[in-house]
> 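Take this structure first; my questions come after.
To find a chain, count down the sequence lines: A is the first, B the second, and so on, and within it residues start at 1.
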Amino acid sequence: MADHRYDPREIEPRWQAAWERERAWEVSNEPDDRPKAYVLEMLPYPSGEPHIGHLKTYSVGDAIAHFRRRNGYRVLHPMGYDAFGLPAENHAIKTGVHPRDSTQASIEAFQRQFRAWGISIDWTREFGTHEPRYYRWTQWIFLQLLRRGLAHRREAAVKWCPNDATVLANEQVVDGRCERCGAEVEVRQLEQWFFRITDYADRLLDDLDSIEWPEHVKTMQRNWIGRSEGAEVVFRCEQLGIDYPVFTTRPDTLFGATFFVMAPEHPDVLRLAAGTDREDEVREYVNHVLAESVETRGDAEKPKTGVPLGRTVTNPVNGEELPMFVADYVLMEYGTGAIMAVPAHDGRDHEFARTFGLPIRRVIECGEELPCTGDGPLVGSGPFDGGHNREAYEEIVQWLDREGRGHASVNYRLRDWLVSRQRYWGCPIPVVYCEECGIVPVPEADLPVVLPDVEDYAPRGRSPLAAAEDWVNVDCPACGRPARRETDTMDTFVDSSWYFLRYCDPDNEGAAWDREAVDMWMPVDQYIGGVEHAILHLMYARFFAKALTDMDLLDVSEPFRALFTQGMVTKDGAKMSKSRGNTVDPAEISDRYGADTARCHILFIGPPDQDVDWSDEGVEGTHRFLARLWRLGADLAGEGAPAGPPADAQGDDLALVRKAHWAIEKVTGDMRRFAFNTAISAVHELVNETYRVRATAGPGALGFAASTAASLVFPFAPHVGADVFDRLTGRAVWTERWPEADPDLLETDTFTLVVQVNGKVRDRLEAPASASPDELKALAREAANVRAHVDGRELVKEVVVPGRLVNLVVR
RNA sequence: GCGGGCGUGGCGGAACGGUAGACGCUCCGGCCUUAGGAGCCGGUGGGCCUGACGGCCCGUGGGGGUUCGAAUCCCUCCGCCCGCACCA
């Protein structure tokens, strides 16, 4: 007789040991006859202990991995750590603990938790991105990009975080602040390493149509790439004999241009003003703007400022001389850093014109007040007058092209990816600077360039690596003369842009991956992670896949075929944070209730793609449910109940067997659409129903219902699922084929016919499933409560929905 | 400002255009028990009529529309959330 207490502390380690012993989740690279499925959750950044968000991500991913396995797939489900990064380094600055040590401690905490949660991971493929055996190949990829011209070094105005003393990628600046530490970001002119992600802008945009991603994530990526079609138009400054091209999306408004504006960073601004009476004023203005924080500068609400340059340019379409200005609302990094201003049809130009008393000339009759951006016939536009602006758009572009004054053009918001970081805890950039040879790549045979130990991690505006003199000074690989290593490290997003490839072949010492291994497993069939990576990581990884494919190192230009973004876990409706004191520690939950309860509950409380609120009361309910299932299984097993359904079940037996098949059908459908919350509800129903007929149903039906519940709950609560299934059947549920509902048992002899009169429910009655529409109508008309609403009125229509309802329309 | 999403009981949430509120939490009642914070069974949107069985009305943010029938589709307004934002 079983001990009748559900004891996860005994059950969970026992099954975890069994899975480890059997290497249940390991897959080899030897092909077999099963189709492959690569199920991957975004790799964790190891900092401290796992939080509740990790529990959710890996609970979702594990449910998918289990479901695929039991549907006959060979599932690759690996784990690793995104181990380089600022937090470990900042911690090192504060405490003196080497980032490697604090990172290692955190990795161990993650490993412990993931094992305690019973996540089905192939641990043989595990690695951290900070290990030389991994980052050797990150460096190798850098060299391949360098060779193809996709990595290059250039001076540019870049975002600088004064607190972290490093440059940042555009994507890491949020509202003018450093994404990591919140400090206001400055702009600095520095020479840095970039990846040419902009070369891939169109493909990054177009290929979104080929992948199964949430629409809102695709939209975010499209907006970030920000493709705009328009024209480049050349305005000439006759005084200096220089042509200034501008980008515009509105060539149709060219006759409405009344002035011309350049960005303060434009290299010609001071040169243009030189010698005019505006020279001092311009210099002062430019200095003032450059000192402004990105946040202040970017505020669209603040009043327009600017200074005349004392020069003019010629409008190519009508020969008009337009006064030139410098103003901070024009950005150097977009278009050409200069614009034609059409105050009648652009809000910002309008505002500027009003402030400076500049002419505003309407060129489109759109029937609205100025400034307007609507469509209509052109006016004041010379030969183009009267034509609709949409058509004039094309005609004007053609005219510009013919005259050699412009051409159709496309612009992107996307910038090249700035990858240098002046920080210690990252992957060293494998190049050497030689006075004779310039930038020299480290020979592939000399990789990895191992990150040296240093004493002082504090950033001083240059990488802490610069202090490691022994390491920095090397012989030039090309000419052998003394040279110096690059001391910047790579953005950690580089590390995570290819890790999913390394999982396919993690131990390869001769190459980043074996082509066959990667061709076999890639792409990732189901990727799971937080929506916070919708732009950064997901864009960079797509770029890498495309670049590597172009280099013939890979066959898949989209790395993640399907993406699932899970919502946040909140507490009391608010984001969890230590400062708010509303954190829920997943380790504490799984210690108290068991990992199954923790995992199952986080999936049960709401749709996994939405934000869900954690409640400490609610988790008791899930624990109760699992305990009920376990006790049911233990009791029935103790009574020797067979797990097979009775051959010709009747009465309660039949009803219960049907309920089990209903649950199979429901859970299977819900799994496919990631509706884990309703899938778990269906198992609740099956367990509840089994208890209800516990005294009257036969052991065969009861055993079948309980073992089916165990089988269905396994993807969410694998330990309980395995234990109950084993007790009832003696078999390993994880090797069992996912159950299939018997269509005959999903059908019933009768159904509840809902009868409506004028759309309102007036009665319900049991009707034979085989009844024809006419028979259903007849039944409906006879229903007692229906007659009270129908008698004495004219029946004008009868709507029949077979198997569901009849609606009688009366007047 | 532009783009996307959401709004359902006391709470989390269910509902191919077809029984609104599955399942869980909470609360209430019953059984079991020396006891029960254990377990098992039942009830739990609001209002009204009825002794009872049962019945009627209202109800998915507000208003309007399409439909035999709308939480679901369309229009409009309100509120909340997310992304982008002086991008020419």
> Among pairs that include at least one residue of residues 674-684 of chain A, which meet side chain to side chain donor-acceptor pair (under 3.5 Å), considering only residues two or more places apart or in two chains?
A:D670-A:T678
> Does the side chain of A:M340 come within less than 4.5 Å of A:L322's, by heavy atoms?
no
> Would you indicate what A:K760 reaches in the nucleic acid, counting non-hydrogen atoms under 4.0 angstrom: base, sugar-phosphate, or nothing?
sugar-phosphate
> My understanding is that only residues two or more places apart in sequence, or in another chain, count here; which of them pass ring pair (Phe, Tyr, Trp, His ring centres under 6.0 Å) with A:H623?
A:Y6, A:Y593
> Does any nucleotide pair with B:C2 by Watson-Crick or G-U wobble geometry, both distances under 3.5 Å, and what is it?
B:G83
> Give a yes or no answer on whether the side chain of A:N807 reaches the backbone of A:V800 with a donor-acceptor pair at less than 3.5 Å.
no
> Paired with B:U67: which nucleotide, if any, by Watson-Crick or G-U wobble criteria at under 3.5 Å for both distances?
none
> Roughly how many Å apart are B:C23 and B:C78, using the C1' atom of each and rounding to a whole number?
32 Å
> Going 5' to 3' along nucleotides 9-20 of chain B, which nucleotides have protein heavy atoms under 4.0 Å from the base (write B), which only from the sugar-phosphate (write S), and which from neither (write -)?
---SSSSB-BBS
> Could you tell me how far B:C53 sits from B:C74 if I compare only their P atoms? Round to whole Å.
43 Å
> Using a heavy-atom distance cut-off of less than 4.0 Å, which residues of residues 257-265 of chain A contact RNA chain B?
none
> In chain order, what residues pass the side chain to side chain donor-acceptor pair (under 3.5 Å) check against A:Q172, with sequence neighbours excluded?
A:R421, A:D491
> Could you check which nucleotide pairs with B:G59 in any of the strands shown, counting Watson-Crick or G-U wobble with both distances under 3.5 Å?
none
> Scan A:V330 against the nucleic acid and name what it touches under 4.0 Å (heavy atoms): base, sugar-phosphate only, or nothing.
base
> Identify whether any heavy atom of A:S615 sits under 4.0 Å from a base atom; if not, whether one sits that close to sugar-phosphate; answer base, sugar-phosphate or nothing.
nothing
> With sequence neighbours left out, what residues match A:C372 under disulfide bond (SG atoms under 2.5 Å apart)?
A:C366
> Scan nucleotides 33-55 of chain B nucleotide by nucleotide, 5' to 3', and note B when protein non-hydrogen atoms come under 4.0 Å of the base, S if they reach only the sugar-phosphate, - if neither.
------SSSS------------S
> Side chains of residues 602-609 of chain A: which donor-acceptor pairs under 3.5 Å do they make with residues two or more places apart or in other chains?
none

> Classify A:G621 by what it touches in the nucleic acid, base, sugar-phosphate, or nothing, heavy-atom distance under 4.0 Å.
sugar-phosphate
> Take atom C1' in B:G43 and the same atom in B:G21, then report the distance between them in whole Å.
16 Å
> What interatomic distance, in whole Å, is found between C1' of B:A20 and the corresponding atom of B:U60?
8 Å
> If you assign A:T336 and A:W224 each to the RNA chain B nucleotide with the nearest heavy atom, which residue ends up on the more 5' nucleotide?
A:W224
> Using atom C1' of each nucleotide, how far apart are B:G24 and B:U76 to the nearest Å?
37 Å
> State which residues pass side chain to side chain donor-acceptor pair (under 3.5 Å) with A:K797; sequence neighbours excluded, sorted by chain then number.
none
> RNA chain B: A:K797 or A:E617, which has the more 5' nearest nucleotide?
A:E617
> Does A:S228 reach a base, just sugar-phosphate, or nothing at all? Heavy atoms under 4.0 Å.
sugar-phosphate
> Can you sort out the partners of A:F259 under ring pair (Phe, Tyr, Trp, His ring centres under 6.0 Å), two or more places apart, ordered by chain and number?
A:F325, A:F352
> Rounding to the closest angstrom, what is the interatomic distance between B:G5 and B:C75 at atom P?
12 Å
> Tell me whether B:G9 sits syn or anti, counting syn as a glycosidic angle within 90° of 0.
syn
> Rounding to an integer number of Å, can you tell me how far A:L331 CG sits from B:C86 C1'?
6 Å
> Can you name the residues that form a side chain to side chain donor-acceptor pair (under 3.5 Å) with A:E229, not counting sequence neighbours?
A:R227
> Within a strict 4.5 Å, meaning less than it, do heavy atoms of the A:R631 and A:Y691 side chains meet?
yes
> What is the distance, to the nearest angstrom, from the CD1 atom on A:I535 to the P atom on B:G4?
16 Å
> Listing request: all salt bridge (charged side-chain N to carboxylate O under 4.0 Å, His left out) pairs with a residue in residues 802-811 of chain A, at least two apart in sequence or in separate chains.
A:E794-A:R811
